[in-house]
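Worksheet: one structure, shown below.
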Amino acid sequence: MFDNIANRFTDVWRKISGTANISEDNIKDALRAIRTALLEADVSLQVVKNFTDSVKEKALGEEVLKGVRPGEQFIKIVHDELVRMMSEPGTLDEQGRAKLKFRGDRPTVIMMAGLQGSGKTTTCGKLAQYLKRRYKKHPLLVAADLQRPAAVDQLEVVGKSIGVPVFADRASTPPEVCARALEHARKGGNDVVILDTAGRLHVDEDLMREVQEIARRTQPDEVFFVCDGMTGQDAVKSAKAFDEKLPLTGAILTKLDGDSRGGAVMTVRTITGKPIRFVGTSEKMDGLDVFHADRIAGRILGMGDVVTLVEKAQTAIDEEKALELERKLLEDEFTLEDFLGQIKSIKKMGPMQDLLKMIPGASQLPLDQINEKGLDHVEAIIHSMTPKERRLPEQLNPSRKRRIAAGAGRSIEEVNRLLKAFEQMREMVQGLKNQGLMGRAAAWKLGRDKKKMISDQQKALNVAKKRAKANVRRAASDMADFRKQFGID
Amino acid sequence: MVFGFFRKKEKEAPAPEQAPPPVAAPAAEPPAEPEPEKKGFLKKLTRAISKTRMILSRRVLGLVGLGQKIDDAILEKLEEAMIEADFGVETTDFLMQLVRKAWKASEIETTDQILPYLRKDLHRRLTHRGNAVHFAQTRPTVILVVGVNGAGKTTSVAKLAWWLRRQGKSVVLAAADTFRAAAVEQLRTWGQRIGCEVVTGADRADPASVAHRAAERVLELGSDVLLVDTAGRLHTQKNLMDELRKIYMACAAKRIAGAPHETILVLDATTGQNALNQAQMFKQAAEVTGLFLAKLDGTAKGGAVLTINEKVEVPVKFVGLGEKMEDVQLFDADQFVEALFDLEDLKGQEAS
């Protein structure tokens, strides 16, 4: 799904890249394509319309900048508009934590509401875990879902797994349970109360009244609308209904680890006007992240998600090792041994297709043709060398090569290709050393004005550690070179 | 003629949003009066798609109601109107392809033929694979139920069990969702209410082993049907899809010939474009044979089933319309398509 969006935008880019200036005429096609792309990304029609209107207004009003192609300028407008629409200043504190309305006079009440199956109970657990870890809070989970069989048990199991107490009373009514939970928290020393309400359809008037009653009696400080990230056009209706009936303060989009991205986020944000506060990924209790508009925008626009890539790399790559590698590379001491280590790190980061998708522009590559086996073969070849051979590959004679090929079960040609690729990579690194990072960005054909976009991304990048970044970029280009050299594709 | 006049006027008006005049049906035969017991279903379904239909009728029918000759410009307008009517890109593309093909083949020539054509064609497409549940020749029949997290699998399993019980069949439930907290308890509660045995495993037990044991149990009891509930999994998670494959194989490997006889994918009707990916991946892992379209009682319309039916070749078999176990119906293509394009009812809607 994500590929589709990215590809479509790539087409749009191409379409207007060659034109001289932004006009009603040439923007029409682009806007139409953007509309289709966003609709395919499950953004609601109404939201798409508003969006394309405001993009059009901005694009037409804008002076064509010198030295920038109108196409690129237009894309920047689209990107900025996406980010502007989805972000809300002041939702994060200086430590990058979600800023929440904590109170001192009584336990903070956080209420979760949403449709059935949107992931409320799991998200309640994740949020409790988040508050515990990041804020050192002592949350109390409240089982206010007395509707679905065993929902209370589910919350109890979740609470147990993260060491958070659960307040429940199966014999009572949800508003009553919530009101009493507040009292319970006060006595028990819990400073945050998280209300897990039952899933309900927005057209179910009785249940909507019930959830209103809960809100009235507990006066929640935060009310989060929990929405399944895979929701389609229907998001507009449910978001609207919940926003009308409840004093929503934000939204949480769940299941974003699937292959559907973006759409519902934009819809919920626009329809409710409330900020998206968190995104849920994975079924594990630590699968909750604060929302970053630029990351989602980048994904929708097919610009890749470098930040996530960097984060992934950080978890897979040992920083000290990376530093050492970098030193070696720069001092030309990089050996096949190190190379092998790098391949292993790359493989640890997950399937290559997924990684490549995060690299800007990579959506144009024929990703489905990449054969992960190529890496396995390289590994096998290096494994078949003696440590000395790995250090000094230029000393390999034909007889050694034959032995290595036989040991790895590959052909001599493949061994030769690897050695050649490795040599070229070393040369390339030397070239890079002189060019610097920005030089590569420039090589990425970016206009002057787009540098702001870069610097925005760079800012985000700086949040992640610098070292890992350099390493990933290198890994990315290595991968590309590899593919070329080995005909992996 | 009167309506033609109105429409013309509407088209000339620059702002079509401004309360368009009521549109009546072209002279189509009135839909057959549904049987009383089906009425509730139709009503719910009608409500579910009523909003779509309202806009569809106003904007789209404004275009297709007239007996104009079809040309490219009109088709483009129709496409636009369908997008406006919130049909979704995939569904619109699909319907327009049908219309264009029929037009090129001279099956339809004027705009008023479009709707009847679509009605007939969609009905054929939605039914030609057969929507009935496939039961084993000799019992037991094994039905595997799969889907993403939160689609409504366990509730749907309960509904299926209730429906089967009402058909006079004895049912055993297998709680092969050993992952989600309290999923087993949820199923057990349903089992008690419906009156069927629930085979469970230990927490975090291998779900394939639960399926295996349940199959043994069903043979022992000589029950008619075994329903296997599985954990929700995103179709992008390879290891979980591999696990599903294993569950599928566990069902298949049993002494029960041809098992599982059905693999039902529970699809949340509110799901967007992702539905197609889901169907594709689940079919790959577990040979999905039918869809259970859940949560159709909201405002979602489940148009995704049209493309799934076409591209993944999996028919809809059941529809879920509420939280209670009796809120389940066999999929009825007639009603689905009628509700989608039902124009008679519109007059009443517009009047009220």
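Not measured: the values here are computed from a predicted model. Convention: sequence-line order gives letters A, B, ...; per-chain numbering from 1.
- The shortest heavy-atom contact between B:D297 and A:V203 is O-CG2, 3.8 Å.
- Heavy-atom neighbours of chain B within the stretch residues 162-171 of chain A, taken at a separation under 4.5 angstrom, are nonexistent.
- With sequence neighbours left out, A:E283 forms a salt bridge (Lys or Arg N to Asp or Glu O under 4.0 Å) with no residue at all.
- Proximity to chain B is limited to the side chain of A:R32, based on heavy atoms less than 4.5 angstrom apart.
- At a threshold of 4.5 Å between non-hydrogen side-chain atoms, the residues A:D204 and B:E323 do not count as touching.
- Under the 3.5 Å distance criterion, the side-chain polar atoms of A:K255 are left unmatched by any main-chain donor or acceptor of B:V148.
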Full working for side chain to side chain contact (heavy atoms under 4.5 Å, CB included) between B:L234 and A:M230: CA-CA 11 Å; B:L234 286 181; A:M230 298 185 290; 4.0 Å; yes
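- With a 4.5 angstrom heavy-atom cutoff, B:R180 touches chain A only via side-chain atoms.
- Heavy atoms only, all atoms of each residue included: B:N274 and A:D42 are closest at N-OD2, 4.1 Å.
- Side-chain contact between A:Q154 and B:Q186 is absent, with no heavy-atom pair separated by less than 4.5 Å.
- Between atom OG1 of residue A:T122 and atom CG of residue B:N149 there is a gap of 7.5 Å, rounded to the nearest 0.5 Å.
- Neither the backbone nor the side chain of A:E156 has a heavy atom closer than 4.5 Å to any heavy atom of chain B.
- Surrounding CD of A:E205 are at most 12 heavy atoms belonging to other residues, nucleotides or ligands under 6.0 Å away.
- Note on B:A183, B:A275, B:G272: by heavy-atom pairs under 4.5 Å with chain A, the leading option is B:G272.
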